[in-house]
Amino acid sequence: MWLYALRRIILTIPILFGVTVICFALVQIAPGDPIQNLLSPTASQADAERLRAAYGLDKPLPVQYVIWLGKVLVGDMGMSIANNTPVTGEVLRAFMNTIVIAMIAVVIAFVLSTIFGVAAAYRSGGLVDKAITAVAVFGISVPTFWLGVILVIIFAVNLSWLPATGMGAGGSKGFDYLSWSDFRFAVMPIIALALPPLGIMTRTTRSSLSEILNQDFVQTLRAKGLTETEVMIHAVRNIMPAAVAMLGLQLGYLIGGSVLVETVFTWPGTGYLLNKAILTRDIPLLQGTILVLATAFVLINLVVDLAQSLIDPRIKRS
Amino acid sequence: MNDMTPTNLSGSMPLAAPFVRVKDLRVRFVSREATVRAVNGVTFDLARGEVLCVIGESGSGKSVMMRSLLRLHPKKRTVIEGSMQVGEHDIGAVSDRVLSKLRGSTISMIFQEPMTALDPLYTIGDQIVETVRRHEGLGREAAWARALELLELVRVPSPERRLKAYPHELSGGLRQRAMIAVALSCRPSLLLADEPTTALDASVQIQVLVLLRKLQREMEMSMIFVTHDLGVAAQIADKVAVMYAGRIIEYGTVADVLNRPQHPYTRAMLASTVKDQERGVQLEAIAGSPPDLRALPDGCSFLPRCGYAKPECAVAMPPETVDARGHMARCYRVGVEGQRLAFSAPAIQPSVCTNASQLAAARAEMLGRQA
Ligand SMILES: Nc1ncnc2c1ncn2[C@@H]1O[C@H](COP(=O)(O)OP(=O)(O)OP(=O)(O)O)[C@@H](O)[C@H]1O
Ligand code: SF4
Ligand SMILES: [Mg+2]
């Protein structure tokens, strides 16, 4: 077990290295010369060279990369062009906003989808099964921004139960997920985020459960005298490796792909930040955001793999 | 001892009723497209401590019949008729709760594929302990001690280590032994073994078979053993039932059925087996194919492949013809002559006789080894 975990962790290092290379290259590929943007139109060629040297841009690319990587490793991702604030702080704050609600949403989706999947498999072909399938299809196919707007209309406008947007007066600093007066701002974003994964995961749980229930060993379990509930516990444990993989996939998808939900609810997360960085052509901010997201993605995969190997003893062997 | 002597029917009457009584069992699977009639009136009795071997081609309903005895079929799509009495329990009628108590304790089952019959995510120990605790309410410690004993009983080497192993860490033979340990964990009175050795290597097959036979005797279990392998049947059976298209078409003591086969199907099967004289050979195909279970003909189901057919064979399924020894066959050409069944065809193929004597020799050799 520990050997497998260690090997898997070591394997992550070159991947993370690749991630930094790509993020670095992103800036090089981006059109336009950053120096020209900084200079006044009257500046001379010599001025440009001086500035280039001051930013270290006259050195060969590999050297520039090493210098950049060194800074990133100590937490310095440069200054945002638009706000002239450190990128690191801004990105990390946004990332925390995103990852917390994304994790809550995914865990809710995971728990509910397991319950729904089991209920559907129990009454396979029955009314419950059909109702759950319908809910799942709804979750998969409804556009999240539309859902967001509908949620706002119902719960904020008509019922006034929940605030429509933002994170409240305090903003993201000092936002306390454990206190209702803050958390209520997160409720609708979480619901909007959770619904698509809920739909997808319910479908996969349902289908992998019926696949498992058709396997030979389930007949053995019944022949041993286990009750249907005990059989179902075995079956659920057997779908967990796949379910955990799906959970990781959906979490990765949510941290990168929640632009729409974060925009609808003006939730200051990475999706929101990404949107802003692109619109204002803020390359350092864009680079920092992508670096953090990509790293998070790699780490999520690592955690998923380790969790899978905890559940399924066959994985450690291969 | 006395399970080897031919049963004298009248002599055994005063004894208690047979442990297993299956009467006119019919199983069909209903779906939108078709109804598959997998078992079409199976009747047999099995005494305590006796071994019944069920042989027959693929698709003849052997596994379906076995699973019926534990009601393991999908509930919705299956119609089971007839009665199955095991001990004092009417398997067809007991409640789900009682059934799940019988399963794994009074009646146990071993399956063909040791590779897929165990839960891959649980250790061997867990899977034994689970059964023991379910049925005997033992504590964790006691259950583990019992699991260890069981692995020793089925001769798994270094059992302490194997208790903590996962199924994929064991060889096929060891997995099947583990499977047997699970099945025997609550000292069943009836063991259902559905081709338990088919998936194993030849040398491992024999070990597992000898082990099963030994444990069956020691624990005085009744056993129903499905096999494709006539050598296996000769080795372990007291009674043999030959199934065709969901019916038992010949039944009797192992000596009667294998040495004096009456039904044309049994004869053809025996004739096709022992050509190369090697024990452990699978049944070869008999010319023609088994009938479509979705649309069974009115007459004898073997008719399309039978070389002895006469007009009446097409009218109705032949009734059971039984002699004084309990040897039964369902064929219009089989009648009773004196005390025994006799086949009344113009000519009996000589090859059948040689085969039978070879089988008898093989059987004698095997029984000698066991003693
Ligand atoms: N759950 C089921 N639903 C529909 N048909 C089934 C079901 N189980 C078995 N059958 C059908 O019943 C018939 C008898 O199958 P069975 O498994 O009993 O054969 P068998 O004698 O055990 O053959 P083999 O030697 O290959 O194991 C087959 O045609 C099979 O397709
Ligand atoms: S009843 Fe007729 S068709 Fe059937 S096995 Fe006997 S002889 Fe052949
Ligand atoms: Mg079978």
Side-chain angles (χ1 to χ4, degrees), chain A residues 1-4 114 118 120-130 205 208-245 305-318, chain B residues 63 66-67 69-77 96-124 126-136 164-169 175 178-179 182-183 185-186 188 191-192 194 199:
Chain A
M1 176 63 224
W2 295 114
L3 209 68
Y4 173 83
T114 308
V118 169
Y122 243 122
R123 297 257 167 271
S124 158
L127 211 63
V128 177
D129 191 7
K130 283 182 185 128
T205 308
S208 41
L209 257 185
S210 53
E211 194 179 304
I212 292 287
L213 287 173
N214 273 325
Q215 286 190 8
D216 282 359
F217 75 81
V218 172
Q219 180 167 268
T220 311
L221 296 175
R222 295 210 172 100
K224 279 177 10 172
L226 300 196
T227 61
E228 280 307 294
T229 312
E230 289 167 320
V231 170
M232 197 53 92
I233 292 171
H234 276 261
V236 167
R237 179 149 176 204
N238 271 275
I239 62 161
M240 276 305 137
V244 166
D305 277 7
L306 294 180
Q308 275 186 310
S309 75
L310 268 182
I311 305 168
D312 189 342
R314 287 167 298 184
I315 290 175
K316 285 168 228 161
R317 292 265 145 167
S318 48
Chain B
S63 299
M66 296 283 264
R67 288 203 294 271
L69 284 165
L70 280 176
R71 258 165 55 191
L72 284 173
H73 300 297
K75 252 190 199 166
K76 268 188 220 151
R77 298 185 290 111
D96 285 358
R97 247 192 66 237
V98 173
L99 183 69
S100 79
K101 278 187 190 152
L102 292 177
R103 286 173 174 176
S105 61
T106 307
I107 312 173
S108 272
M109 188 152 176
I110 309 171
F111 299 93
Q112 175 171 352
E113 274 298 331
M115 296 300 162
T116 54
L118 291 165
D119 188 330
L121 302 191
Y122 289 72
T123 61
I124 300 298
D126 279 331
Q127 303 195 42
I128 301 176
V129 163
E130 189 176 34
T131 320
V132 177
R133 297 193 66 182
R134 165 90 179 90
H135 292 297
E136 312 205 334
K164 297 195 193 80
Y166 290 94
H168 72 273
E169 295 168 328
R175 274 190 232 190
M179 188 68 236
V182 172
S185 60
C186 300
L191 182 63
L192 306 172
D194 192 350

query: Counting only N and O atoms by type, is there a donor-acceptor contact under 3.5 Å from the side chain of A:Thr220 to the main-chain atoms of B:Ala117?
result: yes
Side chain / backbone / both / neither for [X] at chain B, heavy atoms under 4.5 Å:
X	answer
A:Leu221	side chain
A:Glu230	side chain
A:Gln219	both

[X] side chain near [Y] side chain, heavy-atom distance below 4.5 Å:
X	Y	answer
B:Arg134	A:Lys224	no
A:Pro313	B:Leu121	yes
B:Gln112	A:Asp216	no

- prompt: Roughly how far, to the nearest 0.5 Å, is the CD atom of A:Glu228 from the NZ atom of B:Lys75?
  reply: 7.5 Å
From B:Leu99 atom CG to A:Arg222 atom CZ, the distance as rounded to the nearest 0.5 Å: 11.5 Å
Could you tell me which of [options] has the largest number of non-hydrogen atom pairs under 4.5 Å with chain A?
options	value
B:Ser105, B:Ser185, B:Pro120, B:Ser108	B:Pro120
B:Glu130, B:Lys101, B:Arg71	B:Glu130
B:Gly104, B:Pro167, B:Ala183	B:Gly104
B:Asp96, B:Thr123, B:Leu102, B:Asp119	B:Asp119

message: Does any backbone or side-chain atom of B:Met179 lie under 4.5 Å from a heavy atom of chain A? Answer side chain, backbone, both or neither.
response: side chain
- request: Below 4.5 Å from any heavy atom of chain A, which atoms of B:Arg67 appear? Answer side chain, backbone, both or neither.
  value: side chain
field: For A:Ile233, all residues meeting side chain to side chain contact (heavy atoms under 4.5 Å, CB included), sequence neighbours excluded
entry: B:Tyr122
statement: Closest non-hydrogen contact found for B:Met109 with A:Ala223 is CB-CB, 4.3 Å
Heavy-atom pair of closest approach, residues B:Ser100 and A:Thr227: OG-CG2, 4.4 Å
query: Counting a contact as any heavy-atom pair under 4.5 Å apart, which residues of residues 236-244 of chain A contact chain B?
result: A:Arg237, A:Asn238
